[in-house]
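Inspection log for the structure reproduced underneath, given as structure tokens.
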Protein chains: 2
Amino acid sequence: MSYTKLELEPLFSKIEELKPQFITRLANAVAIPSVSSDEDKRPQVVAMAHFLQKELTNLGFTDIQLKDLGTQPPPTVNKELQLPPIVLARHGNDPLKKTVLIYGHYDVQPALLEDGWNTEPFKLVHNEAKDILYGRGSTDDKGPVMGWLNVVEAHNALGWELPVNLVCCFEGMEESGSLGLDELVAREAQQYFKGVDTVCISDNYWLGTSKPVLTYGLRGCNYYQLTVSGPGADLHSGIFGGIVAEPMTDLVKVMSQLVDSQGKILIPGVYDMVAPLTEKEDGLYDNIDFSVEELEAACGSKTGLHDNKKDILKHRWRYPSLSLHGIEGAFSGAGAKTVIPAKVVGKFSIRTVPDIDSGKLDKLVFDHVNKLLKELGSPNTGKIELIHDGNYWLADPFNDLFGAAAKATEDVWGVKPDFTREGGSIPITLTFEKELKTSVLLLPMGRGDDGAHSINEKLDVLNYINGCKTLGGYLHYYGKQ
Amino acid sequence: MSYTKLELEPLFSKIEELKPQFITRLANAVAIPSVSSDEDKRPQVVAMAHFLQKELTNLGFTDIQLKDLGTQPPPTVNKELQLPPIVLARHGNDPLKKTVLIYGHYDVQPALLEDGWNTEPFKLVHNEAKDILYGRGSTDDKGPVMGWLNVVEAHNALGWELPVNLVCCFEGMEESGSLGLDELVAREAQQYFKGVDTVCISDNYWLGTSKPVLTYGLRGCNYYQLTVSGPGADLHSGIFGGIVAEPMTDLVKVMSQLVDSQGKILIPGVYDMVAPLTEKEDGLYDNIDFSVEELEAACGSKTGLHDNKKDILKHRWRYPSLSLHGIEGAFSGAGAKTVIPAKVVGKFSIRTVPDIDSGKLDKLVFDHVNKLLKELGSPNTGKIELIHDGNYWLADPFNDLFGAAAKATEDVWGVKPDFTREGGSIPITLTFEKELKTSVLLLPMGRGDDGAHSINEKLDVLNYINGCKTLGGYLHYYGKQ
């Protein structure tokens with residue numbers, strides 16, 4: 001498959017010309033504090049859906065539907081709390097064109113000035129010296145969502161037809177577990193989403209800060225909890241220390257035998273399921289734009305486990321990892337409390353990669369933990385459970401989809417993108433793949449240092465505008481195949 | 001030393017006769033919610049001090065002083081929060097009589113009906129069928145404090161002189177770390193407390209529910225925290241799992257090597273410092289009224305470490321124990337959170353016994369932990385610290401003090417008391433011993449199942465009234481020596 005450079009200059013110029021309007025559009029979106037995790041802010045999340053409805057209407061989208069998802073399942077304070085709607089819309093319905101489903105989310109993480117923001121988080125601030133836009137949601141994910149609208153506006157301004165049919169699926173609960181989304185996608189697979197040829201998700205980031213990337217893989221995550229129960233209630237360590245078997249002792253013993261300080265998983269059999277590293281794959285890591293220093297800057301310390309780029313990338317993308325997250329039920333405050341916790345719940349998760357079978361992994365974990373529990377010889381009771389799992393995802397970076405996106409990226413940025421994977425998971429990727437039986441592309445707009453869930457979230461104007469061009473270019477290259 | 005049965009019958013009869021008044025006195029005390037840990041309730045704690053001042057005045061105490069302890073040290077919400085006063089008072093000042101300092105506290109633990117109380121916690125409810133008084137503070141420690149006042153009232157009613165001079169020291173912060181008490185005791189040692197011959201503390205409980213006890217030993221407590229620091233901020237386990245050394249992994253490894261599931265401390269050298277068990281001491285445990293079933297009832301499970309009374313008592317009283325209390329900084333909520341905590345603080349403590357030297361113990365702990373940390377080969381940083389320590393206490397149960405109390409107990413209850421120790425610590429015991437250079441007696445009033453810090457705290461009327469008789473009898477036997 002080869003791609004000829006298309007005549008996209010007018011589109012790119014128009015996007016440049018409309019930059020002030022596009023920044024205003026993003027500013028209007030950021031101004032709505034659509035924090036999905038805060039029940040009190042739910043009306044603002046809904047207001048954001050209405051904002052999108054109005055924008056989509058003005059841009060000529062049709063069949064716009066705000067899909068009611070019912071009340072939010074417990075735990076909630078307000079028992080009648082309504083989930084924000086999923087916004088569906090179409091642009092074009094030409095059977096001769098391909099149909100691209102674009103996914104994004106219009107809710108954001110919480111943000112307070114007191115958290116350490118330099119500017120009001122729900123006011124988009126354009127730092128002109130740095131040419132950076134600061135504000136909650138600027139990069140995650142209002143920037144990319146506005147990006148899609150901007151692409152349509154540019155086409156409208158040029159009097160161009162879109163090269164594909166678009167189907168929008170914008171949700172308002174992504175930062176809070178995407179409640180209701182899986183069910184909606186399954187429900188609409190043969191309805192609203194019928195005829196979709198491919199899915200494009202712009203909800204992640206470049207690996208670093210200077211080179212565009214296309215993302216073709218994600219790790220999965222199996223999250224476990226180990227509950228150890230003993231006494232009927234918390235006890236005083238003065239009175240009961242030394243005479244009662246303590247659940248914390250047992251839990252910590254087991255947790256200490258899951259992973260070592262070098263990050264090696266100690267559960268027998270896990271590594272046997274990992275796909276072997278081929279020479280071809282090994283070569284891919286050489287050219288990725290990344291460095292040990294970038295990792296150290298990102299984690300704020302020199303406490304990495306690997307001293308070279310290739311090992312870091314392999315362990316982030318293609319090897320499993322096990323993290324101990326914490327313990328529920330034990331003393332967790334500051335200072336000293338002489339408690340013997342009666343019931344403690346250890347939390348840990350394993351990031352999964354090809355070819356780990358999720359069910360087989362569970363069995364290995366359960367067997368290992370149960371064996372360790374037995375060896376303790378404790379009268380306490382242990383119970384290991386899977387809390388949730390999400391599979392890994394791996395696409396072929398040499399397929400047409402990635403080819404089209406790579407060509408667009410090169411047109412816009414002047415460099416070939418890096419093909420990267422991510423250590424985290426984006427569960428909706430798998431949902432779309434499975435329910436719509438189609439391929440998925442992850443096409444990021446922002447940079448690795450945008451601070452998506454942190455303070456002073458930002459989007460470089462260059463990334464916003466070039467991102468719009470890349471999204472638009474991708475539609476053209478993909479549509480022309 | 002032998003004791004002749006004194007002619008105490010008139011005193012005991014008078015105490016019986018005054019039972020209704022004594023219950024009313026306790027009801028009036030319980031009605032004041034003097035919760036020291038709740039800043040909003042501080043005025044009620046102070047009101048309780050004024051209640052005592054009035055009672056003491058009516059009973060003929062003199063030189064009554066409400067000692068101002070200044071503002072409460074941070075952390076507090078109200079930066080100007082005043083500590084409740086320590087109430088000092090005297091009764092008698094006869095140089096020919098011995099002087100007994102009686103200590104008690106007038107503050108209580110928090111209590112809410114919603115916690116599971118069957119009755120309003122701050123209303124003393126007399127269940128006449130069971131002849132039990134329910135209410136917060138009934139046994140801890142308003143019952144015993146009122147008990148001392150009742151003894152004086154009975155003497156007044158009989159027209160008897162007290163057999164000793166009394167010095168009261170009643171504090172209002174015992175449930176919140178006895179803030180300011182140590183300093184006051186040191187300050188007043190040669191002032192208000194000059195000439196004190198002995199100290200009697202009634203602020204603990206029988207071992208079981210049927211046999212009175214005198215307490216001659218307490219374990220100490222050295223409380224440690226181990227801080228492991230890595231990344232500059234909490235990280236996402238998807239992005240950083242497998243490439244960053246995780247502080248939780250290191251902390252849990254070290255915590256798992258401090259104690260085993262059978263309660264054995266794994267820090268080399270600790271047991272070498274424990275006083276050997278003599279045949280004589282071993283024999284003492286045979287006659288103590290206690291059973292495995294009582295332990296199981298108290299801890300609400302059959303998860304004890306020992307299957308016989310003697311081992312339970314030895315491990316509660318005369319052997320050290322190590323408890324893992326929890327972890328600060330890790331995920332401690334319900335559900336799943338995929339965090340790599342950047343800095344975690346493990347909390348554990350060791351209950352100390354004769355002849356463990358607190359400073360040497362610290363060194364053993366630090367050396368062991370530092371060795372384990374080193375062996376991990378982790379780039380993270382570990383720091384082990386002592387947060388606080390309090391020494392063990394051991395008195396001679398065959399001294400005059402215990403002899404007098406034993407005689408009084410036998411007069412009242414018709415049985416010789418058990419001589420017991422406790423697993424917990426009562427730091428003020430050591431403070432009095434050290435600052436006043438005098439002996440201390442622990443003379444409990446309530447039973448082992450009174451639920452001192454729990455819901456439905458109670459005091460049997462029999463224990464309240466017989467407790468008053470025992471306190472009074474003790475003063476007579478001690479005074480006549």
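Within every chain, numbering begins at 1; the chains are lettered A, B, ... in the order of the sequence lines, protein sequences first and strands thereafter.
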So CG of A/Leu442 and CZ of A/Arg421: to nearest 0.5 Å the spacing works out to 12.5 Å
Considering only heavy atoms, which portion of B/Ala334 lies under 4.5 Å from any heavy atom of chain A: side chain, backbone, both, or neither?
-> both
More than 12 non-hydrogen atoms from neighbouring residues, nucleotides or ligands closer than 6.0 Å to NZ on A/Lys314, yes or no?
-> yes
Proximity breakdown for B/Glu422 and chain A, heavy-atom pairs closer than 4.5 Å | neither
When the 4.5 angstrom heavy-atom criterion is applied to B/His388 and chain A, the contacting part is side chain
Pick from B/Ala330, B/Ser301, B/Gly232, B/Ser261: which one has the most heavy-atom pairs with chain A under 4.5 Å?
-> B/Ser261
Between A/Glu296 and chain B, which part of the residue has a heavy atom less than 4.5 Å away: side chain, backbone, both or neither?
-> neither
Side chain, backbone, both or neither: which part of B/Leu322 has an atom under 4.5 Å from a heavy atom of chain A?
-> backbone
By a 4.5 Å heavy-atom criterion (distance strictly below it), what part of A/Asp234 contacts chain B: side chain, backbone, both, or neither?
-> neither
Select one option (side chain, backbone, both, neither) describing which atoms of B/Lys347 are under 4.5 Å from chain A's heavy atoms.
-> side chain
Please state whether the side chain, the backbone, both or neither of B/Arg316 comes within less than 4.5 Å of a heavy atom of chain A.
-> both
Chain A heavy atoms under 4.5 Å from B/Leu235: which part of the residue, side chain, backbone, both or neither?
-> side chain
Can you say whether the rings of A/His315 and A/His306 are parallel (under 30°), tilted (30 to 60°) or perpendicular (over 60°)?
-> parallel
Chain A: which of B/Gly263, B/Ser237, B/Gly423 shares the most heavy-atom pairs with it under 4.5 Å?
-> B/Ser237
Apply the side chain to side chain contact (heavy atoms under 4.5 Å, CB included) test between B/Val344 and each candidate in B/Thr249, B/Leu251, B/Asp250; give the one that qualifies.
-> B/Leu251
Tell me, for B/Leu324 versus chain A, whether the close heavy atoms (under 4.5 Å) come from the side chain, the backbone, both or neither.
-> both
Chain B contact via A/Tyr223 - which portion, at a heavy-atom distance below 4.5 Å | side chain
